[in-house]
Amino acid sequence: MTEAILLVGGQGTRLRPVTVNTPKPMVPAAGVPFLAHQIARAAAAGVDHIVMATCYLAEVFEPYFGDGSAFGVTLEYVVEDQPLGTGGAIRHAAEHLTCGADEPVLVFNGDILTGLDIRGLVDSHQQAGADVTLHLTRVDDPRAFGLVPTDADGRVTAFTEKPQTPEEIVTDQINAGCYVFKRSVIDTIPSGRPVSVERETFPALLASGARLHGKVEQGYWLDLGTPEAFIQASADLVRGIVDSPAVPGERGEALVLAGAQVAEGAKLADGTVVGAGARIGAGAVVQGSVVLDGAVVAEDAYVHESLVGAGATIGPRTALHGAVIGDGARVGADNELRAGARVWCEAELPDAALRFSSDR
Ligand code: GDD
Ligand code: MG
């Protein structure tokens with residue numbers, strides 16, 4: 001049996017970046033709450049007990065995920081009174097693990113989508129006899145991540161979270177937010193106070209001579225830190241560019257959920273999902289976007305790489321490019337919203353109120 005801790009709290013899953021009412025881990029990506037993909041992927045890799053470490057009320061998750069049996073896992077919720085940081089959350093959640101001191105425990109950041117071979121990471125951890133094994137990936141700009149240089153044998157030589165100076169950028173290998181810990185190593189993290197696994201635990205382990213092993217795997221990997229990334233993740237799941245057993249229905253250019261109405265002549269493409277009870281009008285074009293439950297995209301509207309919140313309305317001929325429309329908002333006809341536009345939940349934008357122009 002393999003146990004895992006899923007980190008779902010702190011800043012990483014804050015509501016703010018997506019102006020919808022639902023907490024970010026529960027915003028649907030490809031038709032189901034984002035976390036369902038992480039849970040389903042872990043289950044498919046043989047994980048059978050998951051402890052969800054959160055600062056949210058368990059009521060946010062329990063109605064959907066319950067005891068995990070629908071996913072073939074036993075799911076427990078551990079709620080921190082105050083955010084304990086990544087390391088503190090791991091330590092706190094570990095009280096619910098049942099495995100022995102030498103056994104591997106998977107830890108996942110809750111805001112990434114990855115095609116990682118999870119089983120392969122555990123095997124590599126066992127083979128290396130490591131204390132901790134980290135999944136590493138390579139990115140063009142590593143500044144927003146944890147930098148993890150390794151030697152020729154894959155041994156981690158340093159861990160620098162969010163480098164501040166150019167001199168600190170010694171590698172393009174970053175912490176991809178999935179670890180295998182030897183259980184006994186988790187028990188060395190101090191309890192009862194906030195601890196950052198990236199800033200405190202990993203550097204301390206390295207200083208003490210512990211064996212940290214880095215496994216570079218360059219498959220699909222996306223950090224969902226921005227709404228744009230979230231929209232991309234949903235589209236990639238719908239199209240099967242990254243695999244998740246939790247996507248309902250067939251992979252393809254669009255996923256239309258039960259009770260949605262798509263008018264004849266509307267065009268759905270590039271991994272668009274249309275939520276339950278949503279309506280897409282005739283002549284509308286929706287590309288690479290997330291249209292949540294009960295939303296309305298009126299006739300001849302153009303929605304491109306955008307998120308339309310639950311129950312929101314997009315008026316006729318309105319164009320959205322890289323916009324996020326909050327739940328229940330009403331965007332009138334003949335508007336144009338471009339990259340970065342965020343319409344708050346329940347807000348109303350009149351007809352012909354906004355357009356973009358390159359006029360000088
Ligand atoms: N339960 C709990 N309590 N979870 C937390 C807490 C906390 O106090 N703080 C953070 N988390 C969870 C977040 O929900 C997220 O899933 C994960 O831990 C990482 O925290 P973020 O706040 O998202 O960190 P980040 O994105 O800036 O950086 C992390 O992820 C990068 C990869 O996406 C670091 O692990 C980096 O080293 C890494 O490169
Ligand atoms: Mg994050």
Side-chain angles (χ1 to χ4, degrees), residues 4-18 23-27 33-35 37-39 42 50-58 60-61 76-96 106-114 116 132 134-149 156 158-164 168-169 171-179 181 186 189-203 205-206 212 214 216-217 220-230 233:
I5 295 171
L6 184 53
L7 297 174
V8 192
Q11 302 276 326
T13 50
R14 247 192 2 199
L15 179 54
R16 188 183 54 81
V18 178
K24 197 162 136 195
M26 296 302 285
V27 176
F34 173 71
L35 274 186
H37 301 294
Q38 286 198 317
I39 293 170
I50 299 178
V51 184
M52 201 187 279
T54 173
C55 323
Y56 292 111
L57 295 176
V60 170
F61 305 106
E76 289 185 79
Y77 308 86
V78 181
V79 181
E80 296 144 40
D81 294 339
Q82 54 160 38
L84 288 173
T86 44
I90 295 169
R91 175 72 167 85
H92 188 231
E95 286 163 20
H96 292 255
L106 278 155
V107 176
F108 300 100
N109 283 358
D111 59 350
I112 50 165
L113 179 62
T114 162
L116 172 71
V132 184
L134 298 86
H135 170 215
L136 308 179
T137 191
R138 291 201 174 89
V139 293
D140 292 338
D141 182 358
R143 285 176 297 176
F145 303 103
L147 260 59
V148 191
V156 174
F159 193 111
T160 307
E161 183 66 13
K162 312 228 169 34
Q164 299 296 312
E168 283 183 317
I169 303 176
T171 178
D172 61 355
Q173 283 179 191
I174 61 139
N175 167 24
C178 175
Y179 323 112
F181 274 78
I186 297 180
I189 299 174
S191 66
R193 69 164 172 89
V195 178
S196 161
V197 79
E198 298 91 348
R199 295 180 193 276
E200 184 175 340
T201 309
F202 290 145
L205 284 168
L206 287 170
L212 270 62
V216 182
E217 196 176 303
Y220 185 96
W221 186 84
L222 196 57
D223 176 306
L224 304 185
T226 62
E228 287 77 10
F230 190 90

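What you are looking at is a predicted structure, and each value in this text was computed from that prediction instead of being measured. Throughout, residue positions are numbered sequentially from 1 according to the sequence presented. Just follow the structure's listing: the first ligand is 1, and inside any ligand the first atom is 1.
- The heavy-atom pair separating A53 from A93 by the smallest distance is CB-CB, 4.0 Å.
- Heavy atoms from both the backbone and the side chain of L7 come within less than 4.0 Å of ligand 1.
- When the heavy-atom distances from atom 8 (O) of ligand 1 to G9, A53, G85 are ranked, the shortest goes to G85.
- Residue-to-ligand polar distances keep A144 apart from ligand 1: every N/O pair is separated by 3.5 Å or more.
- Which parts of ligand 1 touch A89 is read off a 4.0 Å heavy-atom cut-off, strictly below it: atoms 1 (N), 2 (C), 3 (N).
- The shell of residues lying under 4.0 angstrom from ligand 1, judged by heavy atoms, includes K162.
- With a 4.0 Å cut-off on non-hydrogen atoms, P83 touches ligand 1 through its backbone as well as its side chain.
- Looking only at its N/O/S atoms, D111 has OD2 as the one nearest to the Mg ion (ligand 2).
- Put simply, OH on Y179 and CD1 on I186 are 11.5 Å apart, with the number rounded to the nearest 0.5 Å.
- F61 and M52 make their closest contact through CG-SD, 3.8 Å (heavy atoms, listed as atom of the first residue, atom of the second, distance).
- Evaluated by nearest non-hydrogen atom to atom 29 (C) of ligand 1, the leading choice among T137, N109, V195 is N109.
- Counting the atoms of ligand 1 from 1 in the order shown, those under 4.0 Å from a heavy atom of L84 are 8 (O).
- For I112, no nitrogen or oxygen atom sits less than 3.5 Å from a nitrogen or oxygen atom of ligand 1, counting backbone and side chain alike.
- Close contacts between ligand 1 and T54 involve ligand atoms 1 (N) [criterion: under 4.0 Å to a heavy atom].
- F181 and F202 have parallel rings, their planes meeting at less than 30° on a 0 to 90° scale where 60° marks the start of perpendicular.
- Note that OG1 of T114 is 11.0 Å distant from CG of N109, once rounded to the nearest 0.5 Å.
- For the ligand labelled ligand 1, residue W221 lies inside the 4.0 Å heavy-atom shell.
- Between the Mg ion (ligand 2) and D223 there is no N/O/S contact shorter than 2.8 Å.
- In this structure, Q38 contributes its side chain and I112 its backbone to a donor-acceptor pair below 3.5 Å.
- Inclusion of G146 in the set of residues having an N or O under 3.5 Å from an N or O of ligand 1 is warranted.
- Here K162 contributes atom NZ and L147 contributes atom CG; the two are 11.0 Å apart, rounded to the nearest 0.5 Å.
- Remark: the backbone N or O of T137 is not paired with any side-chain donor or acceptor of W221 at under 3.5 angstrom.
- At a heavy-atom distance under 4.0 Å, only side-chain atoms of Y179, from C-beta outward, approach ligand 1.
- For C55, the heavy-atom gap to ligand 1 drops under 4.0 angstrom.
- Taking only non-hydrogen atoms, the option from H92, E80, E198 nearest to atom 3 (N) of ligand 1 is E80.
- No donor-acceptor pair closer than 3.5 Å links the side chain of E80 to the backbone N or O of C55.
- The two residues T171 and P149 have their closest heavy-atom pair at CG2-N, 3.8 Å.
- Atom CG of D81 has 12 or fewer heavy atoms from other residues, nucleotides or ligands within 6.0 Å.
- Considering backbone and side-chain N/O of F145, none are found under 3.5 Å from N/O of ligand 1.
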